[in-house]
Structure formats: structure tokens, C-alpha cells
Trainee: 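Below are the C-alpha cells for one structure; questions will follow.
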Amino acid sequence: RPAPLRLTGDVTAYDYYLRGMEYLEKTSSLDNFDFAIQNFNQALIHDDSFSLANAGLCEAYRQKYELLGAARWLDEAEKFCLLAISQDQMSMKAYKSIGKIYTESGQIEKAIGFLKKAESINDRDVGVLAALAAAYTFKGDIKIAEKMYLDVLKKNPKEWILYDGYGYFLFKSGRYD
């Protein structure tokens, strides 16, 4: 698996990054998150300015927070997202993760700002669009949120994450029919 040079010049760092991503894509569990964190940290030992590894740490700690509910993991996640963004201002993964962090911590305006930045980098990423619609839902901008969900569902009818988000939106809006 050769590493694209624009990401890192160190093939070993890239390999550890890919291993970390594999653990993040597995079923949510403390062990999988811890293994992902270990691999991302190993990647950073080989290339300490590898933005994607920092973005991976951010997402791993964010998901660890979702699993355990301990605020310290959200603080760790934020730290690594901001570091990843400082290393690469086009890191859509970092913008998406920090947007979710700020939504989860109630900092909705910040969340929307970061998620819009992620959307400007890739306006077809379903995860970004679902997270942005969710942020608008938490903000109380029901019309914007629903329009986003419906527009994105129309373009991506096979994406379960959108149905999950839209279903939650309808539930929170008291629309059970």
C-alpha cells in the first residue's frame, strides 16, 4: 500500500494510519477504539505532522466518548481535530469530526461553521451532510434541517445514515406518522 506523498512521506506511518482506520470501521467497542488510537499514535511516531493520523485520533476519541460518555475523551478529540486542521486546512475528516464534537457538546454555531467548511471541501459526503442537518436540528432550524435531509435523501436513497438521521429528526419533531 504505497502512501501518497501529499499525505505523508513515510510509508510506515501511512500503514499504521490504515490499520487505525480499519479498527475505527469495526463494531464500536472499547478495544477497537483503543487499537485504533494505538495505531494512529504509531503513525505519528513515524511522521509527527501527519494530519490524517491526528484526524483519526480525533474521531477515535470522539467515538470513545459516544461509547463511554466521559467528557475527557471529547476534550482529547477536540485537541487532535484542531491539530489536524492546523496541519491541513483541507482536512474534511477533521472538520467533520470536530463539527460532531461541537454538536454533541452543545456548541451548535461552532459545529455548523466547521461542518460547512467540511461541506465546502466535499459537498457530496453523506456523513458531513447528515451531521450538518443534525446540527441544524439541535439549533432548532427545523425547516433547514428537514430540507437538507430530504434533498440529500433524494440524491442518496440507499444511504442508511440519512434515514437514521431523518427518523431521529422526525421523532424529535413529534412527527410519528
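These values consider heavy atoms only, across backbone and side chains, with no hydrogens, waters or symmetry-generated copies.
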Trainee: Once rounded to the nearest 0.5 Å, what's the spacing between atom CG of Leu57 and atom CG of Asn41?
Mentor: 5.0 Å

Trainee: How about Lys172: does its NZ atom have over 12 heavy atoms from other parts shown lying under 6.0 Å from it?
Mentor: no

Trainee: Checking side chain to side chain contact (heavy atoms under 4.5 Å, CB included) for the pair Phe40/Met21: CA distance, chi angles, key distance, verdict?
Mentor: CA-CA 8 Å; Phe40 293 133; Met21 291 304 296; 3.7 Å; yes

Trainee: Is it the case that the side chain of Asp164 and the backbone of Trp160 share a donor-acceptor pair, with hydrogens and angles ignored and the cut-off at 3.5 Å?
Mentor: no

Trainee: Of all residues at least two apart in sequence or in a different chain, which pass the ring pair (Phe, Tyr, Trp, His ring centres under 6.0 Å) check with Tyr166?
Mentor: Tyr149, Phe169

Trainee: Regarding Ser97 and Glu59, is there a side-chain donor-to-acceptor distance under 3.5 Å anywhere?
Mentor: yes

Trainee: Between Tyr102 and Phe114, does the ring centroid distance fall short of 6.0 Å?
Mentor: yes

Trainee: Would you compute the distance between atom CD1 of Ile112 and atom NZ of Lys139 and round it to the nearest 0.5 angstrom?
Mentor: 4.5 Å

Trainee: Tell me, please, whether Tyr16 has Arg19 positioned over its six-membered ring: NZ or CZ under 6.0 Å from the ring centre and within 45 degrees of its axis?
Mentor: yes

Trainee: Please confirm whether the backbone N or O of Ala13 pairs with a side-chain atom of Asp10, one donor and one acceptor, at under 3.5 Å?
Mentor: yes

Trainee: Does any N or O in the side chain of Asp15 come within less than 3.5 Å of the main-chain N or O of Val11, such that one atom is a donor and the other an acceptor?
Mentor: no

Trainee: With sequence neighbours left out, what residues match Tyr17 under side-chain hydrogen bond (donor to acceptor under 3.5 Å, both in side chains)?
Mentor: Lys93

Trainee: Do the charged groups of Asp151 and Lys155 touch, with an N to O distance under 4.0 Å?
Mentor: no

Trainee: Are any non-hydrogen side-chain atoms of Trp73 and Phe33 less than 4.5 angstrom apart?
Mentor: no

Trainee: Does the distance from a Lys or Arg side-chain N to an Asp or Glu carboxylate O, for Lys79 and Glu76, drop under 4.0 Å?
Mentor: yes

Trainee: What I want to find out is whether Glu104 reaches Arg62 closely enough, with some N-O distance under 4.0 Å, to be called a salt bridge.
Mentor: yes

Trainee: Drop me the distance from Lys116's NZ to Ile121's CD1, to the nearest 0.5 angstrom.
Mentor: 14.5 Å

Trainee: More than 12 heavy atoms of other residues, nucleotides or ligands under 6.0 Å from CZ of Arg175: is that the case?
Mentor: yes

Trainee: Is a donor on one side and an acceptor on the other found under 3.5 Å between the side chain of Asp141 and the backbone of Ile144?
Mentor: no

Trainee: Walk me through whether Tyr61 and Glu66 qualify under side chain to side chain contact (heavy atoms under 4.5 Å, CB included).
Mentor: CA-CA 9 Å; Tyr61 281 118; Glu66 283 186 348; over 6 Å; no

Trainee: To the closest 0.5 Å, what do you measure between NZ (Lys154) and CG (Leu162)?
Mentor: 14.5 Å

Trainee: Evaluate the side-chain proximity of Asp34 to Lys64: yes if any heavy-atom separation is below 4.5 Å, no if none is.
Mentor: yes

Trainee: Looking only at heavy atoms, which two atoms of Ile98 and Ile85 are closest? And how far apart?
Mentor: CG2-CD1, 4.2 Å

Trainee: Would Leu24 and Asn32 satisfy side chain to side chain contact (heavy atoms under 4.5 Å, CB included), going step by step from the backbone distance to the final call?
Mentor: CA-CA 7 Å; Leu24 270 187; Asn32 285 337; over 6 Å; no

Trainee: Please confirm whether the backbone N or O of Val152 pairs with a side-chain atom of Asn156, one donor and one acceptor, at under 3.5 Å?
Mentor: yes

Trainee: I would like to know whether Cys58 and Ile101 meet side chain to side chain contact (heavy atoms under 4.5 Å, CB included); could you show each step before the answer?
Mentor: CA-CA 9 Å; Cys58 170; Ile101 289 166; 3.8 Å; yes

Trainee: Quick check: does any side chain N or O of Ser51 sit under 3.5 Å from a backbone N or O of Ala84, one acting as donor and the other as acceptor?
Mentor: yes

